[in-house]
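Starting from 1, each residue takes its place in the sequence as its number.
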Amino acid sequence: MKDLDKELAALESEVKDSAPDVGKTFETSATQQNQNAKGSSSNELLEFFIGFLLLGGGVYWVLNSFEVSSGFGYGYYSFFGLRITGGVMLIPLLVGIGLLFFLDKKVIGGFVAALGLLVILISLLSSLTFHARYNSLYVYVLMFGMIAAGAGLLIKSLFKKRDK
């Protein structure tokens, strides 16, 4: 028994002397994995910021590439093709506000006031005209391409599965 213990101890010492780098190899691979994880997180952060810049720049460019003007002057607004003055559009809103304070049931007054606001909003939006500043297709492809690429990078960096 003592001879076996001595032989086992001798074999263990030979293994330790012949392969001192085995423990270091495992430590090195763990360190490399940690560095790879740090590198991928910085890549994700870089993807996020590049996507954010592309999306923001594309949206800004699209919003600045159109000129907006009013379709009618002199206080007239268009409501489904009818020319209505600003004062006439306020009548349903003012009646609705009056009904809110006069009636016990607030639902009717609220409905009429909301209808008045809707009439004003529709008439204002329908009287606006949009004119594009650029006449070439590649500019619009570039603008909307920036928006799509930025949105794709943002979605990729936000919804990527992460290992813990």
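- Side-chain contact between L121 and L117 is absent, with no heavy atoms from C-beta onward closer than 4.5 Å.
- Under the 4.5 Å side-chain heavy-atom criterion for ILVMFWY residues, a single connected hydrophobic cluster contains both F52 and I155.
- Clustering ILVMFWY residues whenever any of their side-chain heavy atoms sit less than 4.5 angstrom apart, transitively, puts F144 in the very cluster that holds L142.
- For V95, the side-chain contact (heavy atoms from CB on, under 4.5 Å) criterion is met by I91, L99, V112, not counting sequence neighbours.
- Listed by chain and residue number, E47 satisfy the salt bridge (Lys or Arg N to Asp or Glu O under 4.0 Å) test with K156 (two or more places apart in sequence, or in another chain).
- Transitive grouping of hydrophobic side chains (ILVMFWY, heavy atoms separated by less than 4.5 Å) keeps L153 and Y60 in distinct clusters.
- Shown here are the side-chain contact (heavy atoms from CB on, under 4.5 Å) partners of I97, two or more places apart in sequence or in another chain: L93, F101.
- In this structure, L45 CG and S157 OG are separated by 8.5 Å, a value rounded to the nearest 0.5 Å.
- A search for side-chain contact (heavy atoms from CB on, under 4.5 Å) contacts involving Y134 returns W61, S65, V139, Y140, M143, not counting sequence neighbours.
- Residues P92 and G116 come closest through the heavy atom pair CB-CA, 3.7 Å.
- Hydrophobic clustering (side-chain heavy atoms under 4.5 Å, transitive across Ile, Leu, Val, Met, Phe, Trp, Tyr) groups F159 together with L54.
- Applying the salt bridge (charged side-chain N to carboxylate O under 4.0 Å, His left out) rule to pairs touching residues 91-105 yields nothing, sequence neighbours excluded.
- Shown here are the side-chain hydrogen bond (donor to acceptor under 3.5 Å, both in side chains) partners of N135, two or more places apart in sequence or in another chain: there are none.
- Side-chain atoms of L158 and F48, non-hydrogen and from C-beta on, do get closer than 4.5 Å to each other.
- The CE atom of M146 sits 9.0 Å away from the CG atom of L53 when rounded to the nearest 0.5 Å.
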